[in-house]
Amino acid sequence: MPETATETLSETVNAWFREHARELPWREPGCSAWGILVSEFMLQQTPVARVLPQWQAWLERWPTPAALAAVPAGEAVRAWNRLGYPRRALWLHACAVAITEQHAGVVPADVDALLALPGIGPYTARAVAAFAYGVRVPVVDTNVRRVLARAVDGQAEPGPPSATRDLAAMAAVLPVDEAEARVFNAGAMELGAIVCTARAPRCVDCPLASVCAWRAAGYPAYNGPRRAVQKKYEGSDRHVRGLIMRELRAAHAPVTDAELDALWTDDVQLARALSGLLADGLAVRDPGGEGYVLP
DNA sequence: ATCCTGGGAT
DNA sequence: ATCCCGGGAT
């Protein structure tokens, strides 16, 4: 029998995960560290269902970091297609270059080495170390923060993110055993994604029901500061950037100013979006002179 | 603290 | 039709 509440938490989550985990290709035992790294880049922003086909195609085309590093960054941006946040395609390419040049083409297992790579932050570094190499480190994404806020702290929602506090909170409930810690990292995330969801948690199906501090407290409502509402996408700079990127991806010849002008009526906003893309390196002036192309 | 994309949920 | 999402960079 478990001797502490912490053991109960991880044992319960792990038993649930072994039973209910979705079968995903990047969770297969044979999946390479590179495959796991690519999945983490894509999943930073996009639900599993949309990532699946993109991930398969990506790994068939670029099965190793060196393969991706060997093509221009623009190829990565084009293949990224509609996953959104195309800067991440650029970062993933830069990451492949760095792995190839600085790590002999092998995805590093060390958290600090991973953190030094482009596009890899506190979450992705630990996710790759834990899931690709079995390193016992706390992996904290927004799902995990929510699960811990509810099950452990009895709060409806986590407070504002704090890397040190969040990592310490997960470390405090992480199993000592390396293999169990890896399962718990994945399981806590999966529970947050599938059952302990933000808006409509399926508490009826939750394996932690008997342990959950939020449930024990009678599901008190969140009374902390509300997150600022995000600007509408329609008509935003993001929207215009998206239109320009779509044009650049579809084109196999430089996109002219006239073609860009046709995309959006507000010239000022269009120019702002374009200069932003140039500054980000997502678009470059065609060396030949006319128009713009992918890097 | 703010920006970045494009879909899916409500 | 509107709301919501989320890790990394700056």
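Each chain gets a letter, A, B and so on, in the order the sequences are listed, and its residues count up from 1.
The residue A:Arg82 sits close only to the backbone: its heavy atoms come under 4.0 Å of sugar-phosphate atoms, none of a base. Across all strands, A:Pro47 comes closer than 4.0 Å to no nucleic acid atom at all (heavy-atom distances). A:Ile244 comes within 4.0 angstrom of nothing in the nucleic acid, heavy atoms only. No contact: A:Ala49 has no heavy atom under 4.0 Å from any strand. Among the heavy atoms of the strands lying under 4.0 Å from A:Asp141 are primed sugar atoms or P, OP1, OP2 only; no base atom is included.
At the phosphate of C:dG8, OP1 or OP2 sits under 4.0 Å from a side-chain N or O atom of A:Thr124. Between A:Arg199 and C:dC4, a side-chain N or O to OP1/OP2 separation shorter than 4.0 Å is absent.
A salt bridge links A:Arg18 with A:Glu180: the distance from a Lys NZ or Arg NE/NH1/NH2 to an Asp or Glu carboxylate oxygen falls below 4.0 Å.
Mapping A:Asp280 and A:Ala200 onto DNA chain B by nearest heavy atom places A:Asp280 at the nucleotide closer to the 5' end. Comparing A:Gly119 and A:Thr46 along DNA chain C, the residue whose closest nucleotide (by nearest heavy atom) sits nearer the 5' end is A:Thr46.
Between the NZ atom of A:Lys232 and the C1' atom of B:dG6 there is a distance of 16 Å, rounded to whole Å. When rounded to the nearest whole Å, the span between CG of A:Leu282 and P of B:dC3 equals 18 Å. Across the protein-nucleic acid pair, A:Asp237 atom CG and B:dT2 atom P stand 16 Å apart, rounded to whole Å. The interatomic distance linking A:Glu247 (CD) with B:dG6 (C1') rounds to 17 Å, in whole Å. Put simply, CD on A:Gln45 is 18 Å from P on B:dC3, counting in whole angstrom units. Regarding A:Lys231, its NZ atom lies at a distance of 18 Å from the P atom of C:dC5, rounded to whole Å. The distance between atom CZ of A:Phe41 and atom C1' of C:dA9, rounded to the nearest whole Å, is 12 Å. As rounded to whole Å, 8 Å separates atom P of B:dG7 from atom OH of A:Tyr233.
Across all strands shown, B:dC3 forms a Watson-Crick or G-U wobble pair with C:dG8, both key distances being under 3.5 Å.
Note that CH2 of A:Trp16 and CG of A:Asp205 are 10.0 Å apart. Values are rounded to the nearest 0.5 Å. Taken to the nearest 0.5 Å, the SG atom of A:Cys212 stands 10.5 Å off from the CG atom of A:Asp153.
Proximity note for A:Gln44 (side chain, C-beta onward) versus C:dC5, B:dG6, C:dG8: the nearest is C:dG8. Minimum atom distance to the side chain of A:Arg50 is reached by B:dG8, of the listed C:dG8, B:dG8, C:dC5.
For A:Gln54 (side chain) and A:Trp80 (main-chain N/O), a donor-acceptor pair under 3.5 Å exists by modelled atom type.
For A:Arg285, the CZ atom is loosely surrounded, since the number of other residues' heavy atoms within 6.0 Å does not exceed 12.
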